[in-house]
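So the structure is just underneath, and the comments pick up after that.
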Amino acid sequence: MIQSLADGILVGAIVSLGAIGLTMVMHMLRFANFSHAELLSIGAYSALVFDALFSGILPILANKIGPLSMTWALILSMFCAMGATGLSAVLIDRFVFKRIRDKGDELSMVFASFGVALIIRNVLGLIFGLKSQLYSNDIVFAVMVSSDPLLLIKPDQVFVLLAALLIMLVLQFVLSRTTLGYALRAVAENPSLAEVSGIRLSWVIALVWIIGGMLAAAAGVFYGLNNHINPVIGRDLVLPIFAATIVGGIGSVFGAVLGGFIVGISANMALLILPSGYSPAVPFMIILVLLLVRPNGLFGETQT
Amino acid sequence: MTFNKPIQKGAITAGVLLCLSSFATASAAADCSVKVGAVLPTSVDWGRPIAAVAQYAVDLANEAGGVTGCDVELILRDSQVDPKIGVDAAKALVDLDGVPLLLGAVSSGVSMPILTSVAVPSDVMMMSCCSSSTAFTELAKEGKSKGLFYRTFATSGVQAAVGAMVARDKGYKSVAILYKNDDWGQDISNLIAGDLEALGITVTASVALNDAQPSYRAEVTQALKGKPDALYLALYPTEGSAAVREWISLGGTQNMILANSLKSDEFRDNVGMQYLGNTTGTDTASPRTESASAFVDLYKAKFDSEPNGPGLSNSFDATMIALLAMHAAGKDASGSQIAAQVAVVTDPEGTPVSADAAGFAKATEILSGGGTVMYQGATGNVRFDGSGNVSAPAVTWTFTESGTQEASYITLEEVDEFMALVD
């Protein structure tokens, strides 16, 4: 019970990071971006490349930090990967979504996002191969926090949770206390009015993609650290991330965080009552029930 | 849907051509002919050699004087690995050509509807080279297949039994099972759970893993609860390595028994050799008998390549045994009469006959005289159980730095003996 709760919180932290970016893009650009989870793959793989690079240049960086399987090289790589993924997100927008936004409607955007997802997934498969890869082949043993009730936690998981919370706090600060944040929120509320007030729309849209991409990259690296990296992690994570976004309410950063935790915890707790084969269905049951009660999600505003 | 049409058309043309070509080859010698139907996926790469080897077995039989003195005419139809098309093909063979014997199909999903909706209602015998689902065993046990179904492909039962054998030989008292949540995984996990319990080994948990899940932590925690001595894994490499890494990091036992699906470098590299010292894998093996290597030579002489594709030796034996049973049943026998004669062809007490033209001629002579024969074929001394299943020899293997190596070879007799023990 306690174990499932703890595991759920840790899985939830990763889903939350992905959901924040998705909810912002969905709110700002008003389309369901099914390629968002592929940004996690881009982040995870670029960190893999940077990690190999840094460990090669400065072998001292390849030493492990304390009880973690994380190395200094990987932390550096994570920041580089965040940059690279933010940039990729902007480029994808420039080359694909912007053109469709100018000509097509929201539905075309959704279809395009499916296409982009497939392309990214297959290009990654082409470059890195289809098999799973790991940042570190060592298996870090879990620490027994208590034996009755049994509670085992891996040091990596604690690190991931703390790092994810820190990133969320920084984001919260940026959104609520800086001019950039105000601009973002203004564009989300009413793009035309924001533009008249002197906010450059194209810059704000780029900013949203950068933030979304950076968070996704962090989530991808954290996921890879706890599980493994392969070209289909986007496919594996897209549904939980969407579930979290919808549960939280589109446009609400706080909702996305909470949604992520709800999805993570419920999928883990479900095993206590359901046979394991059915557990993937649980987040969707939650979505259905929640949407029946609150059609706009927990924190979503009524959209016009 | 419209995109499929040209492809279908092409496949049908190919099927018609194949049928025509089989007509052409049959117009030799003897003045009478017996018709045998085959429903095989000739429109897919791996299906064509299976059909070719069945045709080759028919040619050998004709060379040896045919069945009941008549030439055998194999009427081949394409199943396109599609149940609907397979059933149509089988129906046409039974209703239009009046065949009493159907060879095929390959996929269990195609064989099953053919058996239940064509073969059983029309009293036609079915001999499949390649269907492995245990659903056929269930059907046979309920008496719904009326003894008309045989197959020369071992079920997952062999692998499950060998897994249980490993657990017993290593002295494990309790085992947890992690399995892939599909037909194959569910099948094998139920089978091994039954086998282990028959041996007095406790199954502490049997946990299904779905494909493509972001994390297997919860499932692994579930399996860990009973603190088992060993872990049995019927998974594919990607989720297998993710689950095992979780399992080991949570302090689970490193005594592991693996199904053949985890015989992969990806699994070995991602888990790491240092944790795989106590891991034993299982797999089915080709028999190491003279008759099996004789088939390999025969195949190489005819097709100019090694019989490496799936189901080739099985398809050959399926055809040979079915034809011999047809001969034993006499002229114009019904499906159930032919099916009843399979035991006469695969009698362990019978005269051994080899799987070539000479052996076929010898067998038909003995069978005509009322004797019994023991068919020694490409998959060894084939022997069916009460449900029409065969077993197969098996191997256990371990991981090495460079790949895998065989740890032990378990002969067909040992497998049979063990399966009888746990059944």
Side-chain angles (χ1 to χ4, degrees), chain A residues 3-4 6-8 10-12 14-15 18 37 40 69 129-134 136-144 150-157 219 223 226-230 232-233 235-241 263-265 267-272 275-281 283, chain B residues 176-183 185-186 189-190 205-227 234-254 262 264-276:
Chain A
Q3 178 78 57
S4 305
D7 290 341
L10 300 166
V11 174
I14 295 172
V15 175
L40 271 78
S69 68
L130 293 173
K131 64 185 197 117
S132 338
Q133 298 185 41
L134 297 157
S136 151
N137 267 316
D138 291 341
I139 296 180
V140 177
F141 286 91
V143 178
M144 196 188 282
L150 185 69
L151 182 58
L152 295 160
I153 289 179
K154 287 197 272 187
D156 278 345
Q157 290 180 309
Y223 178 81
N226 267 300
N227 301 280
H228 53 92
I229 320 160
N230 63 33
V232 295
I233 57 180
R235 182 201 67 190
D236 296 355
L237 284 163
V238 68
L239 288 176
I241 287 176
V263 168
I265 293 171
N268 271 272
M269 297 287 259
L271 275 186
L272 298 173
S276 54
Y278 298 96
S279 70
Chain B
I177 301 169
L178 290 179
Y179 64 93
K180 184 176 166 73
N181 198 20
D182 67 359
D183 281 354
Q186 288 167 4
S189 93
N190 287 335
S206 193
V207 183
L209 262 66
N210 285 302
D211 271 5
Q213 288 308 297
S215 161
Y216 294 109
R217 184 74 190 251
E219 287 85 348
V220 168
T221 311
Q222 190 87 349
L224 203 61
K225 273 184 191 144
K227 296 200 170 61
L235 297 171
Y236 285 12
T238 301
E239 69 264 18
S241 40
V244 167
R245 285 178 63 89
E246 288 282 10
W247 174 265
I248 290 171
S249 81
L250 293 176
T253 169
Q254 289 168 23
L262 287 176
S264 89
D265 291 343
E266 182 185 348
F267 179 77
R268 188 200 56 207
D269 294 345
N270 283 349
V271 175
M273 267 312 286
Q274 68 267 42
Y275 303 112
L276 291 171

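Side chains are part of it too, since the values below use all heavy atoms of this structure and drop only hydrogens, waters and symmetry mates. Not measured: the values here are computed from a predicted model. Labels below follow one simple rule: chain letters A, B, ... track the order of the sequence lines, proteins then strands, and each chain is numbered from 1.
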Please flag which part of [X] lies under 4.5 Å from any non-hydrogen atom of chain B: side chain, backbone, both or neither.
X	value
A:S4	neither
A:I153	backbone
A:I233	neither
A:V232	neither
A:N230	side chain

Exercise. Which residues satisfy the side chain to side chain donor-acceptor pair (under 3.5 Å) test with B:K180, sequence neighbours excluded?
Worked result: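 Result, side chain to side chain donor-acceptor pair (under 3.5 Å) vs B:K180: B:D211.
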Decide yes or no for [X] and [Y]: does some side-chain heavy atom of the first lie under 4.5 Å from some side-chain heavy atom of the second?
X	Y	result
A:L152	B:L224	yes
A:N226	B:R217	no
A:Q3	B:Q222	no
B:I248	A:F141	yes

Exercise. Quick check: are there more than 12 heavy atoms from other residues, nucleotides or ligands sitting under 6.0 Å from NZ of B:K225?
Worked result: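 Counting neighbours around NZ of B:K225, more than 12 heavy atoms of other residues, nucleotides or ligands fall under 6.0 Å, so yes.
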Quick one: pull up [atom1] in [X] and [atom2] in [Y] and give me the separation to the nearest 0.5 Å.
X	Y	atom1	atom2	result
B:Y275	A:D138	OH	CG	6.0 Å
A:D156	B:S249	CG	OG	9.0 Å
B:S241	A:L134	OG	CG	7.5 Å
A:K154	B:L250	NZ	CG	6.5 Å

Problem set entry | Minimum heavy-atom distance between B:D269 and A:N137, given as atom pair plus value |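 Between these two residues, the closest heavy atoms are O-OD1, 3.2 Å.
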For this session: Run the numbers on A:I139 and B:Q274 for side-chain contact (heavy atoms from CB on, under 4.5 Å), then give the verdict.
Result: CA-CA 10 Å; A:I139 296 180; B:Q274 68 267 42; over 6 Å; no
For this session: Please test A:N227 against B:R245 for side-chain contact (heavy atoms from CB on, under 4.5 Å), starting from the C-alpha separation and ending with a verdict.
Result: CA-CA 8 Å; A:N227 301 280; B:R245 285 178 63 89; over 6 Å; no
Exercise. Which residue out of B:T221, B:D265, B:N270 racks up the most heavy-atom pairs below 4.5 Å with chain A?
Worked result: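 Looking at each option in turn, the highest pair count goes to B:N270.
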